[in-house]
2 protein chains.
Amino acid sequence: MNPEFHTYKNPSLAVDLVVFGYHNQSLSVLLLNRKDEPFKNGWTLPGGFLQMEETLQQVCNRIMHTKIGIENLYLEQLYSFDEPNRDPRGRVISIAHYALINPERFEIVAGKMANDVQWFPVNQLPALGFDHGLIFDQALQRLKSKILYYPVGFELLDETFTMPELQALYECILGITIDRRNFRRKILDAEYILLTGSKREGSKNRHPDLYKFNKALKQSNFQLNISAQQ
Amino acid sequence: MNPEFHTYKNPSLAVDLVVFGYHNQSLSVLLLNRKDEPFKNGWTLPGGFLQMEETLQQVCNRIMHTKIGIENLYLEQLYSFDEPNRDPRGRVISIAHYALINPERFEIVAGKMANDVQWFPVNQLPALGFDHGLIFDQALQRLKSKILYYPVGFELLDETFTMPELQALYECILGITIDRRNFRRKILDAEYILLTGSKREGSKNRHPDLYKFNKALKQSNFQLNISAQQ
DNA sequence: TCTGCTTTGCGTTATTATGACACAAAGTAA
DNA sequence: TTACTTTGTGTCATAATAACGCAAAGCAGA
């Protein structure tokens with residue numbers, strides 16, 4: 001390695017995570033309550049600094065493992081945030097990512113840096129430290145657009161799910177109501193999902209069909225022009 | 001500032017730029033021929049390291065100014081590249097950006113780090129050093145999708161332009177041929193552009209109308225479902 | 001100025017996609 | 001059985017759009 005290569009002082013590199021979960025027909029985000037300054041006792045996104053030998057994906061997995069006790073989530077790079085004063089401790093560039101999780105599959109635990117880890121519905125967030133409000137807004141925006149051209153629902157639902165459950169997920173993320181019958185038609189035309197043949201038992205009324213995601217989905221087919229019901 | 005804050009060794013942070021230009025009905029990219037190792041005499045994207053007090057946008061402008069003598073381009077963050085061995089000199093994370101330029105407005109000059117600066121048509125690129133081939137591919141992909149929902153043509157064309165010129169730009173970037181009359185209808189329906197009232201003189205046949213971009217464009221209107229002609 | 005050729009502007013039409021809506025089947029509870 | 005809710009399926013009028021026709025504008029050559 002070139003010895004002169006690291007002689008200038010460069011900004012620190014961090015990663016912040018927007019972890020989305022979906023339960024009780026509500027989209028939520030994982031927030032940490034900080035033990036230490038800055039923003040002591042305030043809520044922030046989970047995050048951490050990039051170590052010399054780590055890839056971005058590895059940092060994300062390390063953060064999720066040590067701070068909230070989960071790993072191997074769907075993960076996507078979001079954006080880099082570079083405002084010079086975004087961290088009062090010094091110059092830190094954050095490469096934000098977002099993750100999707102089915103919360104019922106995991107137990108969340110607070111790591112040693114946090115007092116508490118908690119799910120917050122996306123429309124009832126507390127004020128966030130650093131520029132994490134900005135990061136969150138951008139992550140939600142990304143999720144909203146991504147779900148229209150890529151089958152992201154995979155990650156937020158159980159292995160099998162019903163058509164009404166899938167629709168509720170879309171309505172929740174997009175913040176709109178959708179006509180039941182048109183939604184069904186578009187999802188099926190896109191070959192987004194496949195019938196499993198079994199039905200969800202135990203529900204009060206007609207037992208809905210269970211579907212699974214079509215892993216052979218051709219991405220070219222997948223462009224959902226979903227519009228809100230009047 | 002917290003004195004312990006910078007005690008660990010962190011990766012260097014760089015920026016690489018994919019500068020797109022459009023001339024002679026061809027989409028091109030600016031490449032540098034490197035004077036020094038690594039990849040001496042090889043072609044790479046222009047790039048540079050982030051200094052302590054700079055924002056990402058400032059690095060991009062500095063690189064464009066010092067390495068190719070241009071500035072104030074349309075600039076967008078693309079993606080961060082973190083493969084541990086992507087730079088033989090050491091661990092470098094690159095936050096790639098892409099820029100759009102009308103090459104006829106600028107004279108390109110090689111900076112002191114480069115032997116040469118040259119436009120290459122995007123379908124005739126030489127092998128690129130580092131992981132710049134990957135970065136370029138992703139930038140082109142992004143441009144292709146961006147142009148369908150955001151009026152990026154602004155930056156690549158002259159102040160005024162004709163309908164056939166705009167269509168040629170779309171055909172070139174998307175790599176398809178489009179029906180003349182359907183293209184016109186969609187562009188006009190989207191209120192993408194406005195008639196200036198004058199015509200392009202000097203052309204061999206019928207003189208086409210000159211348009212300008214509609215700066216009051218409502219982004220909600222702008223969703224071009226352009227499809228290739230059979 | 002007349003003819004042929006190319007490019008541009010402005011239509012039309014058949015087909016498809018889509019939003020709005022009706023109705024029957026399946027299940028539960030009384 | 002009846003009443004009620006939820007789910008599955010189909011219809012229909014309208015909007016979007018791909019394919020295509022045709023005339024006007026300009027130039028070149030006779």
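Keep in mind that what you see is a predicted model, and the values were worked out from it rather than measured. The chains referred to below are lettered A, B, ... by the order of the sequence lines, with proteins before strands, and numbering in each begins at 1.
Here B:S227 lies in heavy-atom contact (under 4.0 Å) with sugar-phosphate atoms only.
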Determine whether B:W119 and B:H23 satisfy the following criterion, ring pair (Phe, Tyr, Trp, His ring centres under 6.0 Å), listing intermediate values before the conclusion. CA-CA 10 Å; B:W119 288 107; B:H23 39 181; 5.4 Å; yes

Run B:F154 and B:F213 through ring pair (Phe, Tyr, Trp, His ring centres under 6.0 Å) and show every step you take. CA-CA 7 Å; B:F154 266 113; B:F213 284 92; 4.2 Å; yes

Walk me through whether A:F20 and A:Y22 qualify under ring pair (Phe, Tyr, Trp, His ring centres under 6.0 Å). CA-CA 7 Å; A:F20 288 109; A:Y22 178 73; over 10 Å; no

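Between B:F81 and B:Y79, the ring planes lie perpendicular to each other; the angle is over 60°, past the 30° to 60° tilted range.
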Please tabulate, for the side chains in residues 167-179 of chain A, all donor-acceptor contacts under 3.5 angstrom to protein atoms that are two or more places apart in sequence or on a different chain.
unit_1, atom_1, unit_2, atom_2, d
A:Q167, NE2, A:E171, OE2, 3.1
A:Q167, NE2, A:I178, O, 2.7
A:Y170, OH, A:I147, O, 3.2
A:Y170, OH, A:Y192, OH, 3.0
A:E171, OE2, A:I178, N, 2.7
A:D179, OD1, A:R181, N, 2.9
A:D179, OD1, A:N182, N, 3.0
A:D179, OD2, A:R181, NH2, 3.1
A:D179, OD2, A:Q229, NE2, 3.4

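The interatomic distance linking B:I187 (CD1) with D:dT17 (P) rounds to 12 Å, in whole Å. Put simply, CG on A:N225 is 13 Å from C1' on D:dA15, counting in whole angstrom units. The distance from atom CZ of A:R184 to atom P of D:dT11 is 16 Å, rounded to the nearest whole Å. With rounding to whole Å, B:L224 atom CG is found 13 Å from D:dT17 atom C1'. Distance CG (B:D189) to P (D:dT17): 9 Å, rounded to an integer number of Å. Summarising the geometry, the separation between CG on A:L188 and C1' on D:dT7 is reported as 13 Å, rounded to the nearest angstrom. Atom CD1 of B:I226 is separated from atom C1' of D:dA16 by 15 Å (rounded to the nearest Å). Between the CZ atom of B:R185 and the P atom of D:dA18 there is a distance of 7 Å, given to the nearest Å.
Comparing B:D179 and A:Q229 by the nucleotide of DNA chain C whose heavy atom lies nearest to each, the residue mapping closer to the 5' end is B:D179. Mapped onto DNA chain C by nearest heavy atom, B:M163 and A:N182 fall at different nucleotides, with B:M163 at the one closer to the 5' end.
If you walk DNA chain C from 5' to 3' and mark each nucleotide with an atom closer than 4.0 Å to a heavy atom of chain B, the marks span C:dT6 to C:dG11.
Side-chain atoms of A:T160 and A:T196 form no donor-acceptor pair, as typed in the model, at a separation below 3.5 Å.
With sequence neighbours left out, B:D16 forms a salt bridge (Lys or Arg N to Asp or Glu O under 4.0 Å) with B:R86.
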Can you give one letter per nucleotide of nucleotides 21-30 of chain D, going 5' to 3': B for a protein heavy atom under 4.0 Å from the base, S for sugar-phosphate only, - for none? B--BBBS---

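Among residues at least two apart or in separate chains, salt bridge (Lys or Arg N to Asp or Glu O under 4.0 Å) pairs with a member in residues 136-154 of chain B are B:E76-B:R142, B:E76-B:K146. For residues 207-217 of chain B, the pairs satisfying salt bridge (Lys or Arg N to Asp or Glu O under 4.0 Å) are B:K199-B:D209, with sequence neighbours left out.
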